[in-house]
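The next block holds one structure in the form of structure tokens; read it before the comments.
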Amino acid sequence: MRYNERELLSLARQPAEKAAEILMRVPKKGSVLKKRLVKLVVNFLFYFRTDEAEPIGALLLEHCRITKEEENVFSISFVEEPERKYCFECDSEEQCQEWVEALKRASYEFMRRSLIFYRNEIQKMTGKDPLEQYGISEEARFQLGTQKQ
Amino acid sequence: MKLNERSLAFYATCDSPADNAGFLLKRGERHTAYHRRWFVLKGNMLFYFEERESREPVGVIVLEGCNVELCDSAEEFTFAIRFGGAKSRTYVLAAESQAAMESWVKSLSRASFDYMRLVVRELEKQLEEMRCGLAGGCGGCRGAAGSWKPKTVMPERLPALPAVLPKENGCAVWNNALGEDRSPGTSGCAGYDGEGNPRPPPLPPRRRASSSEVGSSVGVAMAESPSTFYQLHEQYGQEVARLRQDWLERRRGPRP
């Protein structure tokens, strides 16, 4: 699949929501835990070799499942292949929980659901659609209709 | 750089609702020939397929940090997705009607994660203020400054702003290139008075076409219409939000 790599690389250099050196294992046969710089920017998780400026890879965090595994460990998998897990081993349980929370909220779809929720709440309280002031109440992406997981 | 392509393809083709979908002509990179492709916008990702029924996209354009502009072209209804970097590719697309073009430009200009986050934070703040009963009070704005973490203070002279969070009034506010009149993106927000009772918003002050500068247009607004503090705060707030967006986009620009 073609993609605009230059822009994605540029995104990888943006200030991160969260970044840390974490042990990571990719879902490939025979792969082992390796220390990586893991960086969350918008809905992408970039991972770098610790001494390199360009990421090895990026994960788009949509339709994914963040699972707390054993102590200090969490995994990311995608809904179409739930057994194929990217595993991360943190330095502490606290760090692990922080990453799980941050990654669960990192998707565009999560934000959309939050927006719809707040819009609905405000509308219930005021009888007025808060998006009208921006003229975006009719945008498809903000509709209260069926939003699938 | 590796990308989780299989998951991306699944995201593109699964039945989660798309923010926009339709046929567009896409101009080739080296050759100026246009190819008709089926485009699907989901979140900040614009996928394109050879055919509508194709099982996998040919490609995807990550839209974060892009600008969407109208094009001056022999081909009708063209618009471009541009990025800030020096060697960035510009994607030139053509719709099949004026309405389709407008629909795409609107949805693409608002597709970024950052934009969505801005709107979510704004609503979060409003809800917070309502719950604390601080509508129209000073406490709300102090809280607001914190929650946005604005990286720029309101300077006196400001560059032209991107079309983020403008109020629609039928004119092409999303088109920076033509320097369209900025519609009053202001005080329609004061939907409730100090007691939290809903009331119809007062007419917002008109922005002058000549002033694409925030400072002067806000100044005009202040001179022209009496506003409640809350309305003014909202006005500044939206300007700050736009400034921040502009600043973020410009930050991405010069990077190689």
Side-chain angles (χ1 to χ4, degrees), chain A residues 1-14 26 41-44 46 54-60 62-64 78-81 84 86 107-109 111-112 114-115 117-119 121-122 125-128 130-136 138-143 145-149, chain B residues 1-11 14-20 42-45 56-62 64-66 83-85 87-89 106-107 110 112-114 116-117 119-120 123-124 126-127 130 165-169 183 185 188-189 191-192 196 198 201 234 252 255:
Chain A
M1 198 189 306
R2 286 187 231 136
Y3 64 96
N4 46 336
E5 187 167 31
R6 200 169 281 127
E7 281 71 43
L8 205 51
L9 286 173
S10 166
L11 198 59
R13 289 190 291 266
Q14 299 306 318
V26 298
V41 181
V42 297
N43 52 347
F44 279 95
F46 296 100
E54 230 179 69
I56 307 167
L59 299 177
L60 175 72
E62 300 295 334
H63 290 209
C64 64
F78 296 88
V79 295
E80 78 281 0
E81 272 178 314
R84 214 169 155 264
Y86 292 80
S107 71
Y108 191 99
E109 296 304 319
M111 276 212 307
R112 191 209 304 271
S114 307
L115 186 148
F117 172 78
Y118 291 137
R119 182 189 187 186
E121 288 297 296
I122 293 173
M125 284 172 83
T126 65
K128 201 174 141 45
L131 295 185
E132 250 176 62
Q133 63 183 287
Y134 303 123
I136 52 178
E138 299 314 306
E139 279 277 312
R141 64 170 58 87
F142 304 132
Q143 294 323 307
T146 47
Q147 288 288 337
K148 295 200 102 161
Q149 280 288 93
Chain B
M1 176 172 41
K2 288 183 217 133
L3 208 51
N4 52 328
E5 289 190 21
R6 266 213 301 266
S7 312
L8 265 166
F10 182 81
Y11 179 47
C14 76
D15 54 1
S16 67
D19 298 322
N20 209 336
K42 285 192 183 181
N44 54 352
M45 309 291 279
E56 229 180 63
V58 170
V60 61
I61 304 170
V62 179
E64 212 59 35
C66 75
F83 294 91
K87 295 184 207 148
S88 296
R89 180 185 165 174
K106 261 189 230 178
S107 47
R110 299 186 187 123
S112 70
F113 187 94
D114 269 347
M116 175 65 90
R117 182 159 49 191
V119 182
V120 170
L123 293 194
E124 214 171 3
Q126 280 186 29
L127 195 57
M130 283 160 55
L165 301 181
K167 181 159 184 175
E168 307 277 289
N169 65 354
S183 52
C189 52
Y192 39 89
E234 278 297 308
R252 288 185 190 126
R255 287 185 184 251

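The chains referred to below are lettered A, B, ... by the order of the sequence lines, with proteins before strands, and numbering in each begins at 1.
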Taking atom [atom1] of [X] and atom [atom2] of [Y], what is their separation to the nearest 0.5 Å?
X      : Y      : atom1 : atom2 : result
B:R110 : A:I136 : CZ    : CD1   : 6.0 Å
B:K42  : A:R112 : NZ    : CZ    : 9.5 Å
B:Y11  : A:F78  : OH    : CZ    : 12.0 Å
B:N4   : A:M1   : CG    : CE    : 9.0 Å
B:E64  : A:Q14  : CD    : CD    : 9.0 Å
B:M130 : A:M125 : CE    : CE    : 4.0 Å

Locate the shortest heavy-atom distance separating [X] from [Y]; write the atom from each residue and the value.
X      : Y      : value
A:G57  : B:M1   : CA-CG, 3.7 Å
A:L115 : B:V120 : CB-CG2, 3.7 Å
A:L60  : B:M45  : CD2-CE, 4.0 Å
A:Q133 : B:Q126 : NE2-NE2, 3.1 Å
B:F113 : A:Y108 : CE1-N, 3.8 Å

Would a 4.5 Å heavy-atom cut-off, applied to side chains only, mark [X] and [Y] as touching?
X      : Y     : value
B:R89  : A:N4  : no
B:L3   : A:E5  : no
A:E109 : B:S16 : no

key: Largest heavy-atom contact set with chain A, pairs under 4.5 Å, which of B:N20, B:L127, B:L8, B:I61   =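 With the most close heavy-atom pairs to chain A, the winner is B:L127.
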
task = Report the option among B:G59, B:S7, B:C14 that has the most heavy-atom pairs separated by less than 4.5 Å from atoms of chain A.
result =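 The residue among B:G59, B:S7, B:C14 with the greatest pair count is B:S7.
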
inquiry  = So does B:V62 get a backbone contact from the side chain of A:E7, meaning a donor-acceptor N/O pair under 3.5 Å?
reply    =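 Not confirmed, A:E7 side chain does not pair with B:V62 backbone.
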
For A:R2, salt bridge (Lys or Arg N to Asp or Glu O under 4.0 Å) partners two or more places apart =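 A:R2 satisfies salt bridge (Lys or Arg N to Asp or Glu O under 4.0 Å) with no other residue.
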
Results of salt bridge (Lys or Arg N to Asp or Glu O under 4.0 Å) for A:E121 - residues two or more places apart only =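 A:E121 satisfies salt bridge (Lys or Arg N to Asp or Glu O under 4.0 Å) with A:K124, B:R131 only.
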
request  = Side chain from CB out, backbone as N, CA, C, O: work out which of these in A:L9 comes under 4.5 Å of a heavy atom of chain B, or both, or neither.
outcome  =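 For A:L9, heavy atoms of backbone and side chain both lie under 4.5 Å from chain B.
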
ask   = Is it the side chain or the backbone of A:E54 that comes within 4.5 Å of chain B heavy atoms, both, or neither?
value =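 The answer is neither part of A:E54.
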
